[in-house]
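Counting begins at 1 with the first residue of the sequence.
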Amino acid sequence: MDTRLLAATIGLLTALIAGCLLPVGTDSTEDRGDGRAQVIIPRHVKTPTYRPRTWAFLAVSAVLGVVFVGLRRPSLPGAYADLVSSVASAITRDPASVSGYAVRLHPAAQFFAVAYILGIACVARSTLLRRVAILSHVVLYLAISVLVQALMIVAGIATHWLIAPFGVEATLANLLVGGLVVVRLTFTTFVLPRATTVPADRPRWAWDNVLAGCSVIAVVAFLIISYAFLAEPGNATSEWQVFVPLYAVSILFVLLSGPLWLLWWVNRKLPEPGHDRPAVDVIVPAYNEADNIARLLRSIDVAAGRYGGLVRVLVSDDGSSDNTAQIARAEFAHYRFAQGRVLTAPNGGQASALNRGLTVTDAEIVVRIDADCVMGPDALVYSVPWFRDPRIGCVGGMEEPRTDTVTWFHRLRALETLFQFRFARLGQSLVDSIVVIPGTFTVFRRRPAEIAGGFPVGMNGEDSDLTMQIGRLGYRVVVDPRIRTYEDVPRTIGEFVEQRTRWARAGFHTYARHVPLRSGLAGPRVWLWTMRRGFSWFSLQAGLVAPIFMLELVVAHPTYRQNVATFALLYAAGGAVPLLVSLPLAVKHRCWPSLLWAPTWFAYAFLRRLGTLEAVISLPTRPFPARAARPAVGVPLPERTLVH
């Protein structure tokens, strides 16, 4: 074995990985905001009704799939296998053993990554030079992938262990490589906010990191053992080996949340209501919400009556063109338990409306609830007692779809919220790793929100960003299963995809503000979420390309036609990993109608992936070449926000 060449190969791989990570740690030069509540970047481009760029991306994926499957001279899979074989043979000096590995290489996972990058290069709103820069990530990805698989062959030959570049472990490795390259592509291509300048003032709650870290190690070990079993030729077909790892992120998240969820239930300590009734201010940002504002305000009055303390409601009318303000004033005139006031100003966006309300509040406990929601009758009764603990900074509840209108989206959203709120967030609460308390119902301390500058203006995801900022300032974030709120749900495909596009764009914005390479570590909330979010961007888009590739493979190769049912089942089941958790919860909470619609979950999941794709397409792109900037440096806190 050529040890010098082996060392050089490892060094080159390390350099390429560093080349992926360095741009992520470089702060944005386009954001002229203050790194706190003001984000000044070009606005996103609204997606046209007929979504021509989305269709173009899918068409590019289809054409590339035809080329990949049908081209014989040269054969792209064969050329890739030859390249891996050449590198491994040069290191091991054992071409015969290497060929035994290389002959079984089927680079389907590599195709998904290349198809995604080429598709984005074609449909992104950018200059020609920027498109070329996007395309360069294909070379970067293939270089890293070739080196990784060649080194896997070397390791397998040298150790005689079950390490192979064609098994499930190789697909997992390429999934991680794909996520790494796509994260680099995202940070170098698109205009994203700069890092937060709120410094991390978090106490050293070692137990959170230890427990979360042990859970990650245990789950990864379980997955490696399971996939090693699947990699055995007698235990699984190539379809399983290709498609199962594409959902490794979802499987990892479910398995990681499971033990934490069980520990939360075993160790749960929910504060009971007492005789103390501190004042509460409720902020309702509203823009053209005449249809639901009366229903919401009545629900708040009922909740205030159950609570028994002083409750002041501020409807921040954000330049509505309908009679939202008049309806709100009429409802306030009939209030029995709460007090109400309407604030009016020209339209400035939801964050501006929230900050307008925050400036006139004086209660230490503030509730933010969206105008298209309904507050549960016991929401205040159970949320306020949490703040007896000075470590608690933010409290959320369980979301459920409103029942005044019911569509297919309501039924599937009910299953989705069961997984997200009654399973995942309860487990995350145990180790203080909740990333977002949604604006449908958020209870928070006013002081840390003011120090953070309030809700950030100029970006999507103001609720997620405030949750992250409160966590950085040394407070814990929790959810309570006794708190119930009811949210509005889109009624059409267009509304649904638009909503998920907005949510996905919020993920990009918040990720850029809080990624550890820019803003440092602040507990599991940051590092655990970063690990999942970064790699899920690739796996989500691979899930869009996979069904197209699957159909083309079946059409082009008759030998695969007998496996079409297996392919379809794997694709549907892989995307429905959260559904397996939701179904028993749906039985427990008597969501019988939603259970009937569970078989259509794969279509719901596909539409969610479309939203993520459209979020990428809608982001403004950076000029090429883009200037570099030094990482943002935090500024001192006005005062310590918590006695540690």
Has [X] got a side-chain atom pairing as donor or acceptor with [Y]'s backbone, closer than 3.5 angstrom?
X    : Y    : result
D463 : P438 : no
S519 : P516 : no
R184 : P23  : no
R513 : R36  : yes
R622 : F187 : yes
T621 : R125 : yes
R53  : S618 : no
D370 : D372 : no
W261 : R422 : yes
D31  : R194 : yes

[atom1]/[X] to [atom2]/[Y] distance, rounded to the nearest 0.5 angstrom?
X    : Y    : atom1 : atom2 : answer
S28  : F190 : OG    : CZ    : 13.5 Å
C591 : L415 : SG    : CG    : 7.0 Å
F624 : T188 : CZ    : OG1   : 9.0 Å
I470 : F444 : CD1   : CZ    : 6.5 Å
R130 : T189 : CZ    : OG1   : 5.0 Å
R491 : F409 : CZ    : CZ    : 11.5 Å

I need the single residue from R402, H410, E495, Q499 that forms a side chain to side chain contact (heavy atoms under 4.5 Å, CB included) with V489. Which is it? H410

Could you tell me which non-hydrogen atom of [X] sits nearest to which non-hydrogen atom of [Y], and how far apart they are?
X    : Y    : answer
L260 : S215 : CD2-OG, 3.6 Å
I437 : I434 : CD1-CG2, 3.9 Å
S61  : I548 : CB-CD1, 4.2 Å
R411 : P593 : CZ-CB, 3.3 Å
I120 : L613 : CD1-CD1, 4.1 Å
S145 : V177 : N-CG1, 4.4 Å

Can you confirm whether I493 is buried at CD1, in the sense that more than 12 heavy atoms of other residues, nucleotides or ligands lie under 6.0 Å from that atom? no

So does R32 have more than 12 non-hydrogen atoms from other groups sitting under 6.0 Å from CZ? no

Working for side-chain contact (heavy atoms from CB on, under 4.5 Å), residues T600 and L412: CA-CA 8 Å; T600 64; L412 274 297; 3.8 Å; yes

Taking the side chain as every heavy atom from C-beta outward, state whether [X] and [Y] have any atom pair closer than 4.5 Å.
X    : Y    : answer
L528 : L256 : yes
V477 : R525 : yes
L426 : M398 : yes
L135 : L118 : yes
D27  : R518 : yes
P625 : L129 : no
V254 : F419 : yes
T510 : S464 : yes

So that I can tick it off, tell me whether [Y] and [X] are bridged by a salt bridge, with the cut-off set at under 4.0 angstrom between side-chain N and carboxylate O.
X    : Y    : answer
R368 : E462 : yes
R502 : E498 : yes
E487 : R413 : yes

Given the side-chain rings of W597 and Y604, with only the six-membered ring counted for Trp, is the space between their centroids under 6.0 Å? no

Report the C-alpha distance between R608 and E416 in whole Å, list the side-chain angles of each, state the deciding distance to 0.1 Å, and finish with yes or no for salt bridge (charged side-chain N to carboxylate O under 4.0 Å, His left out). CA-CA 11 Å; R608 292 194 308 178; E416 186 181 21; 2.8 Å; yes

Strictly by modelled atom types, are [X] and [Y] linked by a side-chain donor-acceptor pair under 3.5 Å?
X    : Y    : value
Q350 : Y287 : no
S433 : W529 : no
D465 : H509 : no
T196 : Q469 : yes

Candidate pair T442 and C394, rule side-chain contact (heavy atoms from CB on, under 4.5 Å), full reasoning: CA-CA 7 Å; T442 309; C394 193; 3.5 Å; yes

Here's one to test your reading of the geometry: is the NZ or CZ of R505 within 45 degrees of the ring axis of F508 and under 6.0 Å from its centre? no

Mind checking side-chain hydrogen bond (donor to acceptor under 3.5 Å, both in side chains) for T54 and listing every partner two or more places apart, or none if nothing turns up? E614

So which of Y116, Y141, F68 actually passes ring-ring contact (aromatic ring centres under 6.0 Å, His included) with F111? F68

Check step by step if side-chain contact (heavy atoms from CB on, under 4.5 Å) holds for C20 and L140. CA-CA 9 Å; C20 291; L140 177 62; 3.6 Å; yes

Decide yes or no on side-chain contact (heavy atoms from CB on, under 4.5 Å) for V24 and V515, but give the supporting numbers first. CA-CA 8 Å; V24 180; V515 67; 4.0 Å; yes

Contacts of D318 that satisfy salt bridge (Lys or Arg N to Asp or Glu O under 4.0 Å) - sequence neighbours left out: R356

Apply side-chain hydrogen bond (donor to acceptor under 3.5 Å, both in side chains) to the pair T440 and E399, showing each step before the final yes or no. CA-CA 8 Å; T440 48; E399 286 189 13; 2.2 Å; yes

